[in-house]
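Note sheet for the following structure.
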Amino acid sequence: MLKQEAEGHACRGINTLITSTSLGPDGRPLRGLGGISMEQKIISGVQAAVKALYGLDADASQVQLQKTKAEFEGHLTVVVFPFVKVARKSPEQVGQEIGQFLLDNASDVVAKFNVVKGFLNLVISDAQWIQLLNNINADDKFGFTQATDKSPLVMIEYSSPNTNKPLHLGHVRNNLLGAALARIVEANGNKVVKTNIVNDRGIHICKSMLAWLKYGNGETPETSGKKGDHLIGDYYVAFDKHYKAECDELVKKYVAEGMGEDEAKEKAKQEAPLIKEAHEMLVKWENNDPEVRALWRKMNEWVYAGFDETYKMMGVSFDKIYYESETYLEGKEKVMEGLEKGFFYRRDDNSVWADLTAEGLDEKLLLRSDGTSVYMTQDIGTAKLRFQDFPIDKMIYVVGNEQNYHFQVLSILLDKLGFKWGKDLVHFSYGMVELPNGKMKSREGTVVDADDLMAAMINDAYTASADKLKKAEMSEEEAREVARKVGLGALKYFILKVDARKNMLFNPEESIDFNGNTGPFIQYTYARIQSILRKAAEQNIAIPAVLPANVEISVKETELIQKLNAFTTALRQAGTDYSPSGICNYCYELTKEFNQFYHDFTILGETDENKKVFRLVLAQAVAKVVSLGMGLLGIEMPSRM
RNA sequence: GGUCCGGUAGCUCAGUUGGAUUAGAGCAACAGCCUUCUAAGCUGUGGGUCAAGGGUUCGAAUCCCUUCCGGAUCACCA
């Protein structure tokens, strides 16, 4: 008991993570990387080809289109194996025939083709690429789908802190994932409501309050200069320290009286005066004792002020915040309703249970024998309130993977109770952030504090860029702002690039990298492009909205356009898979591709005016798309660094 | 023990509902490239039994089965 309470197990967003048992994609994205219209044309071209050549009515899904491997000539590749059987010919022959058909019937798109084994490689015409680039440029929100009145309303719950201690690295992962997910879901054409359920009541709060009363001497955030959440966290730790001392004392006494050690420990945990006092305080709180309530309100306000600062720095926000103190009684009614309908049953001791053995699960307690609610009951109550407030079509809970079982059960219960979104609720289950020595443990002082971490990252970024920024004659204020964007960009990218389901490792000894596959790498590329665009403006080079179709473009350049266009599928995929890391990977690939181009080609130095303008347009498009992608992750782009 | 999730290079991670005789990045190591649009960059070298075994098929890191290892969870805690 001591351990759990000391760890403040209550809150959801804590240091854990993983698995997605209930992620349910709705709607299949197109495969491949060619971009909708171009890809569509080829798919229907192939369909027409197999119909004409072999009399086969192929479904679009049978046409497997993929990006051509680098070692072969071409942009898009059709896998012909699925048609070999009907055609009764060799894969090579089938490839040749389909390729020729496309060349004859879709020459505006397909310029050339070659066949290697069962793979038909298509070379797309330059004009198509230019058109694609023009399309990308014409759309400020390229790849985004605008929500309409008919769009489903998706509610995303994330963060969900306890109010007895400051946010730590585990919360950071939760918050960054939740905020990114909200943007990604919204960019895929859904209405989104971001919500937060604050665990503002319970024994853990009472511990902080009690310790503050006993040892605080009236200390406030103002008198101490501490952030409110840290102040309260300190008293939580203080409680723990004194409580532990009391326990040790008692154990000695009990053992001296002849009790076995284990038994003595158990008894001490319950009999220590401090914990008894805390429980008394909780009872007073529940009975609306004015003094306890007033203290509780005051201390929570301190914590919220602290959280607000942290949230602001992280760049996360909520549309609607629920407080457990206001919702924890709500679930009872629903449970009673379910009891009447026979979904649940009452035991002899008066407790209420749900029997889920038919679903392959256990029996689950919903109301204690004294009639009070448990965690599950509260989530049912919160669901009820939320559904009263919003016409929810889909609910996503961003909660650590340690609670997989809880959400599996919740889904079944909500479904039984008639919530239409209950059955398909998504538990976005993410993995733990581990330290080299294992889990974070507040009692062992190994917790990585969110505020400290962000400050350290910004500081590192400032140090790393000091020389360069001085050279760029940047003001101190500007330099600080760049450092903020870069430091936080590094942190956010570091966390978001890892598949959310997996546990991830954070080593506080090694600072987060600014080189390689990192946020700053991507930001740097963006800044370089902005620099070029500024110089272009200085030279009065006009960048047209629409490029003429007669520019000759190189392979590297078509690859870049192809990669730009792949943002569409990356975004859609991230939306159906609930995968911020997919956006990270995409941004990295695009950036890496651009850096190679930047290195091998000159833009402003190009003497052919048409090419120069084309490359400027291309660079501008890369900056736009990369900024859109990173924006989804909550990462800001500095225009110089 | 039941259930769920993971296991890919020394380290941290990708690998798009199975696809191209050589499974990719980054870090770390080593070697190159700044009088030329920002070197937080680019290029190259070394580094792998995709935990192990079996199966499915034209084709498997990817799907199925078994085993091994790690994690989570199965409370009148939240």
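Fair warning: this is a prediction, and the values are worked out from it, not measured in the lab. Chain A is the first sequence line, chain B the second, and so forth, proteins listed ahead of strands; every chain is numbered from 1.
Classification of A/Arg368 and A/Asp370 as a salt-bridged pair fails, no side-chain N sitting under 4.0 Å from a carboxylate O. Here A/Glu324 pairs with A/Arg201 in a salt bridge; the nearest charged N to carboxylate O distance falls below 4.0 Å. One finds no salt bridge joining A/Lys535 and A/Glu538 here, because no Lys/Arg side-chain nitrogen approaches an Asp/Glu carboxylate oxygen to under 4.0 Å.
Rounding to whole angstrom units, OH of residue A/Tyr375 and C1' of B/U73 are separated by 13 Å. The nearest whole Å value for the distance from the OH atom in A/Tyr462 to the C1' atom in B/A40 is 17 Å. Between the CG atom of A/Asn585 and the C1' atom of B/C13 there is a distance of 9 Å, rounded to whole Å. Here B/C27 presents its P atom at 10 Å from NZ of A/Lys497, a figure rounded to the nearest Å. Atoms CG (A/Leu356) and P (B/U3) sit 17 Å apart, rounded to a whole Å. The distance between atom NE2 of A/His599 and atom P of B/C37, rounded to the nearest whole Å, is 12 Å. If you take CD of A/Glu363 and C1' of B/G2, they are 15 Å apart, rounded to a whole angstrom. Atom CD in A/Gln596 sits roughly 15 Å away from atom P in B/A39 (whole-Å rounding).
Distances from the side chain of A/Glu402 to the nucleotides B/U38, B/A72, B/G6 place B/A72 closest. When the nucleotides B/C37, B/A78, B/U38 are ranked by their closest atom to the side chain of A/Asn199, B/A78 comes out on top. Comparing atom distances between the A/Ile532 side chain and each of B/A78, B/U38, B/A14 picks out B/U38 as nearest. When the nucleotides B/U38, B/A78, B/A40 are ranked by their closest atom to the side chain of A/Arg528, B/U38 comes out on top.
B/G55 sits 28 Å from B/A14 when the C1' atoms are compared, rounded to a whole Å. One C1' atom belongs to B/G47, the other to B/G1, and the distance between them is 42 Å to the nearest Å. The P atoms of B/U62 and B/C30 are separated by 36 Å, rounded to the nearest whole Å. B/A20 and B/A29 are spaced 33 Å apart, taking the P atom of each and rounding to whole Å. Comparing B/A40 with B/G15, their C1' atoms are spaced 26 Å from each other, to the whole Å.
In this structure, A/Phe601 reaches the bases: a heavy-atom distance under 4.0 Å links it to at least one base atom across the strands shown. Heavy atoms of A/Phe81 sit under 4.0 angstrom from at least one base atom. Note on A/Asp499: only backbone sugar-phosphate atoms sit closer than 4.0 angstrom, heavy atoms only; bases stay farther off. Within 4.0 Å of A/Tyr588, counting heavy atoms only, lie sugar-phosphate atoms of the nucleic acid but no base atom. When heavy atoms are screened at a 4.0 angstrom cut-off, A/Phe514 is found touching base atoms of the nucleic acid. Residue contacts for A/Thr77: at a heavy-atom cut-off of 4.0 Å it reaches a base atom on one of the strands shown. Nucleic acid contact for A/Val486: base, since at least one base atom lies under 4.0 Å from a heavy atom of the residue. Base contact: A/Val116 has a heavy atom under 4.0 Å from a base atom. Within 4.0 Å of A/Leu505, counting heavy atoms only, lie sugar-phosphate atoms of the nucleic acid but no base atom.
Applying side chain to side chain donor-acceptor pair (under 3.5 Å) to A/Thr163 and the options A/Asp200, A/Asn199, A/Asn300 leaves one that passes, A/Asn300. Of the candidates A/Lys492, A/Arg484, A/Lys485, A/Arg484 is the only one forming a side chain to side chain donor-acceptor pair (under 3.5 Å) with A/Glu636.
In summary, the aromatic rings of A/Tyr236 and A/His204 are positioned with their centroids too far apart to meet the 6.0 Å limit. A/Phe594 has its ring centre less than 6.0 Å from the ring centre of A/Phe597. Separation of the A/Phe567 and A/Tyr586 ring centroids falls under the 6.0 Å cut-off.
Judged by Watson-Crick or G-U wobble contacts below 3.5 Å, the nucleotide B/A39 has no partner. Look at B/A72: its Watson-Crick or wobble partner, with both distances under 3.5 angstrom, is B/U3.
RNA chain B is contacted by A/Lys535 of residues 533-542 of chain A, taking any non-hydrogen atom closer than 4.0 Å.
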message: Set out, in order, the CA-CA distance, both residues' side-chain angles and the distance that settles ring pair (Phe, Tyr, Trp, His ring centres under 6.0 Å) for A/Tyr397 and A/Phe407, then state yes or no.
response: CA-CA 9 Å; A/Tyr397 294 88; A/Phe407 282 97; 4.8 Å; yes

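The aromatic ring of A/Phe521 does not sit over the base of B/G41; the criterion of centres under 5.5 Å apart with planes under 30° is not met.
Glycosidic torsion of B/C34 falls within 90° of 0, placing the base in syn.
No hydrogens or angles were tested; on distance alone, a donor-acceptor pair under 3.5 Å links the side chain of A/Asn121 to the base of B/A20.
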